[in-house]
4 protein chains.
Amino acid sequence: MTDADSPTPKFRRRADARPDEVLDAALTLFGQKGYAATSVAEIAREAGISKGAVYLYFPSKQAILEGLVKRAVTPISARALEQAALAHGDLRTALPAILGVIAEAMNDPKVFAVPRIVLHEAVVAPEIAAFYRDAVLNMAMPAVEGLIAQGVARGELRPVDPEMTIRSLMGPVVIHIILSEVFGVTPKGGLDLKRLVDNHLDILLNGLFTPPGGDNA
Amino acid sequence: MTDADSPTPKFRRRADARPDEVLDAALTLFGQKGYAATSVAEIAREAGISKGAVYLYFPSKQAILEGLVKRAVTPISARALEQAALAHGDLRTALPAILGVIAEAMNDPKVFAVPRIVLHEAVVAPEIAAFYRDAVLNMAMPAVEGLIAQGVARGELRPVDPEMTIRSLMGPVVIHIILSEVFGVTPKGGLDLKRLVDNHLDILLNGLFTPPGGDNA
Amino acid sequence: MTDADSPTPKFRRRADARPDEVLDAALTLFGQKGYAATSVAEIAREAGISKGAVYLYFPSKQAILEGLVKRAVTPISARALEQAALAHGDLRTALPAILGVIAEAMNDPKVFAVPRIVLHEAVVAPEIAAFYRDAVLNMAMPAVEGLIAQGVARGELRPVDPEMTIRSLMGPVVIHIILSEVFGVTPKGGLDLKRLVDNHLDILLNGLFTPPGGDNA
Amino acid sequence: MTDADSPTPKFRRRADARPDEVLDAALTLFGQKGYAATSVAEIAREAGISKGAVYLYFPSKQAILEGLVKRAVTPISARALEQAALAHGDLRTALPAILGVIAEAMNDPKVFAVPRIVLHEAVVAPEIAAFYRDAVLNMAMPAVEGLIAQGVARGELRPVDPEMTIRSLMGPVVIHIILSEVFGVTPKGGLDLKRLVDNHLDILLNGLFTPPGGDNA
DNA sequence: CATGAATGAGTTTTCATTCAT
DNA sequence: TATGAATGAAAACTCATTCAT
C-alpha cells in the first residue's frame, strides 16, 4: 500500500503492541500444534500481519518461543514470591491457599500452555528449559521450601525434608493436569481440581493410613 | 561404535534383530534430540544400516515411534498388573514396594525415555498419547486404584477418594523425575530417589502436620 | 529466453505471469520427456525460478498437469462450439472447414502437446482424462454430431449414424498426427496435413470405390 | 514340438516358461497402472517369483517392456502380411474383412494393451516406439497400402492416395478404441465395434453425402 | 538357479529466512 | 516500517538394482 503520507491515520500503526500480538498468536498455535508443527507464516496470519513483519520484532522462530516464555514467566515468579512472603505463621491455611491458587492457575489453558510448551521443547531447546528453570522454578520453589522449613522449625510441621516435601505437595496437582491435558485421562466427573486438592490436603493433614489407635477428626 | 573391523561388508545379513536395532537407535536419538529433530537418515546411521533398510522394517517414521512405545509398554503394564495382584492385605508394605519399584524403573533413562518421548509428541501425534494411555495408564492405574479402594473398604486406609489418591501417590515421583530430567532441577546431593520416596511415604503414613495434641518423634 | 541481461537479481519480481511461465515450462518438458520423467526441479529451472517458487503457484506436481490441461482446454471447446453454431445449411463447405481448422490446430505442437500428455497420463491419473473428456470431448463432439444429424435430417447427408460418423470424420486426422508425432511414421514428403484432409474429404464426398455404373467427376 | 525328450517330470522347472510368465505379469500391470507406476517387485509378485529372479531373465525393467512389445508384435505383423497376400482382386470384400479382423483384435484388451503401452511410453522410451514402428507399422501398413494401390490401378478404387487412404481406413477404428479405453467416451449402447465398422464401411462404399442427382432412401 | 535384504540416488514437498519494493 | 515473493536446504519416502547366501 502506498498510503504513506495519509494525514491523521485513522488506524494507528500500533507498533508497540505488535510483539505482544505475535506472542499471543504463537501461544495459541504452539499450544495447539506444538512448536515444530507451527510455521512462522501461520503465526503471522494469526497475528494479522505479514510474515516479514514477524522478523521485525523477533530475529528467529526460536526467539518467539523465548519471548513467550519470558513474558509468561515474569509475573508468575513475582506472584509466587509475594504469596510466600505473605504467609507467615499458619501453614494449615497458607498451604491450602497456595495449592489452590496454583491449581486454579494451571487449570487455565492460557497459563498451562507455557509450561506445556516448555516441557515440549525442552529436549530440542535446552536453553528454554534452563531459562524456565532459572526464572520460575528456582524462584518459586525455594520460596515454598523456605515456608516448609519454617513450619518445621516452628514445630507446625513434622520434621520433613523440605526439598522433597515440595514435590509431595505439588506433584499430584501437576500430574493431574498432565494426565488430563496430555493423555486425556480425566476422572469420571471431569477434571475436578477442587476434588483433587481437597483429597490431597486431607492426606497431607491426616495421613493416608488409619491411625493405629483409631479416631480421626 | 561397536563396529568390528570386518572388511566393509556391503551387505550385512538380516540379524533378525534388525527392527530392535532400529528401535534402539531411535530411542537414543529421540531421547537426545526429540522426534521431530531426528531424521530417518540419522536413525539409520545410528543403527548401522541404510536409510532404505529402515523402511524395510517400518513403513514410516511415525511407525518407528509407535513401535518404540509398543515395545516399552508391554512389559510395563504386565508387571504392574502382577504387582497389584500380588498385594493383598498389608498396604503398609505393599504401597512402599510399588512406589519403590516404579521409582527405580523410572530412574532408568532407558525406561523413562519412552514416557518422556510420549509426553513430547503427544501434542503433535495424539494417537501416540492415546496408545500409551490405553496400554499403560488405563491398565496400571485402575489396578492401583483397586488396591486403594480395597484398603479403604478394609479400614486400613482412611476414607480417601481412590481416583484422586493415586495422583497423590504417584505425582511426587513423576514430578521429581521431570524436574531433574527435563529442567535440570536436581536436589543438592543428586537425584536421590530413595530420599524422595522415604520422605513421601513418611508423609503418607504420618501426615504432614504435627498432630494437634500429640508429640511425634 | 527473454531474460534481459540484468545483473543477476537474486529476486526477480512477480511477473504476475509466473503461473503461465511455469505452465509453459511444464508443457515443454512434459511433451519432451513425459510427466513422470520430469521433475519439479527441472520445471523450475526451465521456468527460471526456484523449486520452492513453483509451489507458490501450484500445490503439487499433479496440479501443474491439471493447470496445463485446464489452460489449453478452455479456448478449444469454446471455439468448437462457435464453429458448430456457425455452420448451418451447407455441410459440403462446413465439414471441410471444420476438419481443416482442427487439423491445423493439432498440427501446432503447442496445441497437440496437451492431448498427447493427457493420453500419456490417462492411465495413471484418470481424473485428468476425465477432465479432458468433460471439458473438451463431451463439449465438442456432441456439437459436431448435431451437425451431422441435421445434415441427415435435411437430406444433405446419407442416413448415417452420427455418433459413429464423427469417428470416421476425425479419426484419420488424429491417427495421422499420432503416427507422425508418436511413432515417427511420416509420409514421404512430410506431414502434409492438406494432403491428408483433401484425400479424406475426397473419400467422404465421393466414396472410396468406383461407382458400379462407371464415370466419376 | 521340441519338448520331446522331457522325462515327464511332474513338477517341471518350467525354466523356459519363466520369461513368458514375467511378460504376462508385466502386461497386466503395465496395462493397469502404466509402466512408471509399476514396480519390479510387483511384477515379480504377480509372476509368482522373486524380485531377483526377474533379473535372471531381463537385465532391466525397460528390457521387460521391450520384451513385451517384441512378443506381441511378431505374430501381428505376420498375420497382417498373410492377409494382404490373401486378398487379390475383390477389395469390396477384402477391405471389410481386414477392417473387421483388426477391429476385433483391438477389441481384445490383451491385444490392445501393447499398443496402448507403447503409446504411453513412446515419449520416454522412443526406442520402444521405434521398434513398434519398424516391427508393426512399417510391415503392416505398406502391405495394406499396396492393396489400395493395386485397387486403384485395377480401377476398382477411385484414384485415391494410398498412403493417406490407409489413415482414412484405420483411423476411425483406432480413435473409437482410444475414446473408449482411454477417455471413457463410449457410445450409448456400448463399444459396439460392428456398428462402427458397418457405418464406416457404408461411408467408404457410398460416400458421406447424398449424390447430387441421385435418390437415396 | 533362486532369494530377498540391502543399498542409495533421486523425488516431491515444506518452511525458516531474506530482501526488493 | 511493512510486504510477501523468492530462495534453497533439508526431510520423508520410493524403487531399480545388486549380491551374499
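Just the heavy atoms: all of them, side chains too, but no hydrogens, waters or symmetry mates, feed the values below. By convention in this document, chain letters (A, B, ...) are assigned in the order of the sequence lines, proteins followed by strands, and residues within each chain are numbered from 1.
- Distance OG/D/Ser39 to NZ/D/Lys51: 8.5 Å, rounded to 0.5 Å.
- In this structure, A/Leu56 places its CG atom 13 Å from C1' of F/dG4, rounding to the nearest Å.
- The C1' atoms of E/dC1 and F/dT21 are separated by 13 Å, rounded to the nearest whole Å.
- Under 4.0 angstrom from either OP1 or OP2 of E/dA2 there lies at least one side-chain N or O belonging to D/Tyr57.
- Regarding C/Arg45, its CZ atom lies at a distance of 12 Å from the P atom of E/dT12, rounded to whole Å.
- B/Leu23 and B/Ile64 get closest at one heavy-atom pair: CD2-O, 3.6 Å.
- Annotation: cation-pi pair D/Lys61/D/Tyr35 present, NZ/CZ under 6.0 Å from the ring centroid and within 45° of its normal.
- Electrostatic pairing of C/Asp24 and C/Arg18 does not count as a salt bridge here, judged by no charged N lying under 4.0 Å from a carboxylate O.
- Nearest heavy-atom pair, D/Ile49 versus D/Ala53, reported as atom, atom and distance to 0.1 Å: CD1-CB, 3.8 Å.
- Going from atom CD1 of A/Ile43 over to atom P of F/dG4 covers 17 Å, rounded to whole Å.
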Find every protein N or O atom lying less than 3.5 Å from an N or O atom of nucleotides 10-14 of chain F, and list the pairs.
| residue | atom | partner | partner atom | Å |
| --- | --- | --- | --- | --- |
| F/dA10 | N6 | C/Lys51 | NZ | 3.0 |
| F/dA12 | OP1 | B/Lys61 | NZ | 3.0 |
| F/dA12 | OP2 | B/Val40 | N | 3.2 |
| F/dC13 | OP2 | B/Tyr55 | OH | 3.0 |
| F/dC13 | OP2 | B/Lys61 | N | 2.9 |
| F/dC13 | N4 | B/Lys51 | NZ | 2.6 |

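- Close to E/dA2, at under 4.0 Å from its OP1 or OP2, lies a side-chain N or O of D/Arg18.
- Across all strands shown, F/dT3 forms a Watson-Crick or G-U wobble pair with E/dA20, both key distances being under 3.5 Å.
- Along DNA chain E, the nucleotide nearest B/Val54 and the nucleotide nearest C/Ala53 are compared for position; the residue whose nucleotide lies closer to the 5' end is B/Val54.
- Looking at C/Val40, C/Ile43, C/Leu68, C/Leu56 one by one, the single match for side-chain contact (heavy atoms from CB on, under 4.5 Å) with C/Val22 turns out to be C/Ile43.
- Between B/Glu21 atom CD and E/dA5 atom P there is a gap of 15 Å when expressed in whole angstrom units.
- Following rounding to the nearest Å, D/Ile49 (CD1) and E/dG4 (C1') show an atom-to-atom distance of 12 Å.
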